[in-house]
Amino acid sequence: MRRRPRPLTVPRVLHLAAGLAVGYLLVPLVGLVGNVPWRELPRLLGDPLVLDAMRLSAITSIGATVLAAVLGLPLAVVLARSSFPGRRLVRGLVLLPLVLPPVVGGAALLFALGRGGILGAPLYRATGLVLPFSTAGAVLAATFVSLPFLVVTVEAALAGLDPRRELAAATLGAGSWTILRRVTLPAVAPSVASGLLLTWARALGEFGATITFAGNLPGRTRTLPLAVFVALEHDRPKAVALGLLLVVVALGVLVALRGRWWRTS
Amino acid sequence: MVADVVTGGLEARVVVERAALDVALELPPGRTVALLGPNGAGKSTILEALAGVLPLDEGRIVFDGVVFDDAHRVFVPPAERRFGVVFQDLLLFDHLDVVENVAFGLRARGMGRTAARRRAEAWLERLEVLALARRRPTELSGGEARRIALARALAAEPRALLLDEPLGAVDVTGRIGLRRVLADHLAAFPGPRLLITHDVTDAYLLGDLVVVVEGGRVVQRGTPDDIRLRPRTRFVADLAAVDLFEGEAHAGTVRLGDFELTVADTAASGAVVVRIHPRAVALHAERPAGSPRNVWRTTIDRVEAQGDRVRLRLGAPLALTAEVTPAAVATLGLRPGAAVWVAVKATEIDVEAR
């Protein structure tokens, strides 16, 4: 069967430019995958230092996701459901880590939470806890950069919800906690899930704020992205192997998010 | 099984500036007040104010002697009012199945999951929809969803019922069953009940009292007969003055006491409501020989001028209303006591199962 020509609505030259963009996104992946030392892959990925980086990445990304959930879900609910002076300012502040260079974020964390920082100094005096250059510091750095993903996703979902359904729950005798727990959150559960996944993916890839605030200490703060950076200097095959690992994880995230964060139609 | 203590009525003056609304309402316990009015009259806004989902700008809401909203200092939140509300768009919880929707109110007040579900199932059974227990609201027809919304409101043991178009958007077959179920449960409910409708049949069949709202104001209130027989505005006259009779249908005829009407609907049988619009009633000086199936002779009881039209109340055997022009009144000599021939086409008579 002959396909009917579609009416032309997009200038042809745009198709060319779009093709270039796709190529630009694809070529680096091809470059990476083409350089994978498939034979040596098990050995490279089984290296104790690599396993350490994997363990650290798991700890910091999951820790950051949990912390983002604890801090970010209440913020998203408050931003979406109550009005207070300075709400627009707070919303802007939430977006800041998205546009701020992560290195600057890391430096800011250092000044705030470092041993001499405005919060770090009293914390050190009171508990002897030092956050920079610790695994906990790496978690905090990843939380700082990934928190916006959760807040923005969940707040947008809450804003799109019909508040009258919550009022209907109120007429049935439900208090604000019951409404939140049984009506509001279940209705936005898919968005919370995709927000958490995005947050986790961003935390997993975190580099700039981590290396600035938590340093690059093997076994303590050297996560997978930092390990890739270090390996590029003197062990290229290992860098490629780690890169492949992160690409696979990223593709997995996209598959899990399909139809939700990006449209599949 | 219903509200624990219900003694008081609901009194309110509802002023909502945004909706240009200012109405006073009195809802006595154990009675159904039908709030009748055209779309955009402010009926739903009244219900939302009473339910507490919309605060008053002016006025007050008093239930059983307790002030619920005085527009300034007092505002009792909806959760503490314990009014059973069916919203026009129902607002069922799509992420919960039907049983959990109906059990929601009980669980919100602290009843355990199993006990609340058992009570919810009992309500579903009473509303003849137990078979739908496991469905999601998105899998229900309009009539089914309305029954679930009613069950959800009733199961929460409310002190008053506020129903916004509970028969709206339901097809004819669903409507008949739903109206019967609604009539039963309204009659069994001891507290005040407010029923919003734009359908005069529903107001007439379900309401003990009718309040007519137009443009944010109450234009008339009274019993269904008051409204029907003495309409005070064009809207009420057009909508509410349609004559309604209850009778028994059989093979294309409807028996109304001693009188029998021929109707076009040959399928109807059993208890029915018959509706005849005053415009469908023709008056003649001589016996007409045309197509109308229903022709009889009567006398004129009363003549009411209404602007460019005249309403005539007809006497026995059927207390009908006829609407004619002032010119026809003059030509036919239509005055109280005058004899006329009445003709009603069978196709102009609406028949609906009761």
Side-chain angles (χ1 to χ4, degrees), chain A residues 69 72-74 76-78 80-85 87 150 153-198 256-261 263-265, chain B residues 3 44 47-55 68 75-97 100-111 113 116 120 136-138 148-164:
Chain A
L73 285 179
V77 171
V78 169
R81 280 290 184 271
S82 41
S83 57
F84 54 90
R87 187 166 83 154
L150 184 69
T153 313
V154 175
E155 197 210 333
L158 288 170
L161 219 57
D162 182 0
R164 296 182 66 242
R165 198 159 266 105
E166 293 162 21
L167 292 172
T171 66
L172 292 165
S176 53
W177 272 112
T178 308
I179 294 173
L180 185 68
R181 192 173 55 80
R182 296 208 59 214
V183 179
T184 314
L185 287 183
V188 296
S191 295
V192 172
S194 55
L196 286 173
L197 197 57
L198 281 173
L257 285 173
R258 82 188 171 288
R260 183 148 303 282
W261 189 48
R263 283 180 297 150
T264 44
S265 56
Chain B
S44 295
L47 175 134
E48 292 185 352
L50 295 177
V53 302
L54 184 73
F68 275 15
F75 181 78
V76 174
E80 289 161 37
R81 295 190 188 195
R82 292 191 61 178
F83 290 168
V85 186
V86 171
F87 293 89
Q88 193 172 2
D89 48 354
L90 306 183
L91 300 172
L92 294 171
F93 306 125
D94 289 342
H95 63 283
L96 299 176
D97 67 13
E100 284 295 329
N101 264 278
V102 177
F104 188 94
L106 295 169
R107 293 195 57 192
R109 294 217 169 81
M111 188 181 281
R113 186 181 147 89
R136 291 293 174 110
T138 48
I148 304 310
L150 185 63
R152 185 177 73 169
L154 286 167
E157 306 185 339
R159 301 188 287 192
L161 276 182
L162 309 173
L163 315 177
D164 196 349

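In the text below, chain A, chain B and the rest are named by the order of the sequence lines, each starting its count at 1.
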Checklist line | Heavy-atom contact with chain B under 4.5 Å, split by part of A:Ala189 | finding: neither

Note to self: Between B:Leu106 and chain A, with a heavy-atom cut-off of 4.5 Å, which part of the residue counts as in contact: side chain, backbone, both or neither?
What the structure shows: neither

Checklist line | Part of B:Phe87 within contact of chain A (heavy atom distance under 4.5 Å) | finding: side chain

Note to self: Can you tell me which portion of B:Ala79 sits under 4.5 Å from chain A's heavy atoms? Options are side chain, backbone, both or neither.
What the structure shows: both

Note to self: Ignoring hydrogens, what is the shortest heavy-atom contact between A:Val188 and A:Leu161? Give both atom names and the distance.
What the structure shows: CG1-CD2, 3.9 Å

With 3.5 angstrom as the limit, list the donor-acceptor pairs from chain A to chain B, or say none if there aren't any.
residue	atom	partner	partner atom	Å
A:Arg164	NH1	B:Asp89	OD1	3.0
A:Arg164	NH1	B:Asp89	OD2	2.5
A:Arg164	NH2	B:Glu48	OE2	2.9
A:Arg165	NE	B:Leu92	O	2.7
A:Ala170	O	B:Ala79	N	3.2
A:Arg182	O	B:His95	NE2	2.7
A:Arg182	NH2	B:Glu100	OE1	3.1

Next item on the list: Determine the minimum heavy-atom distance between B:Pro78 and B:Gly52, stating which atoms define it.
Entry: CD-O, 3.3 Å

Notebook entry, point to check: Closest heavy-atom contact between A:Ala76 and A:Leu158?
Noted result: O-CD1, 3.8 Å

Next item on the list: Measure the shortest side-chain to side-chain distance between B:Pro137 and B:Ile148 over non-hydrogen atoms and say whether it is less than 4.5 angstrom.
Entry: no

Next item on the list: Show the numbers, then the answer: is there a side-chain contact (heavy atoms from CB on, under 4.5 Å) between A:Leu196 and A:Leu150?
Entry: CA-CA 6 Å; A:Leu196 286 173; A:Leu150 184 69; 3.8 Å; yes

Check: What pair of heavy atoms forms the shortest contact from A:Leu257 to A:Ser194, and how long is it?
Finding: CD2-CB, 3.2 Å

Item checked: Gap separating the CG atom of B:Leu47 from the CG atom of B:Leu163, nearest 0.5 angstrom -> 8.0 Å

Notebook entry, point to check: Of the listed residues (B:Leu162, B:Val85, B:Val53, B:Leu90), which shares the most heavy-atom pairs with chain A below a 4.5 Å separation?
Noted result: B:Val53

Item checked: side-chain contact (heavy atoms from CB on, under 4.5 Å) between B:Leu154 and B:Leu161, worked out -> CA-CA 8 Å; B:Leu154 286 167; B:Leu161 276 182; 3.8 Å; yes

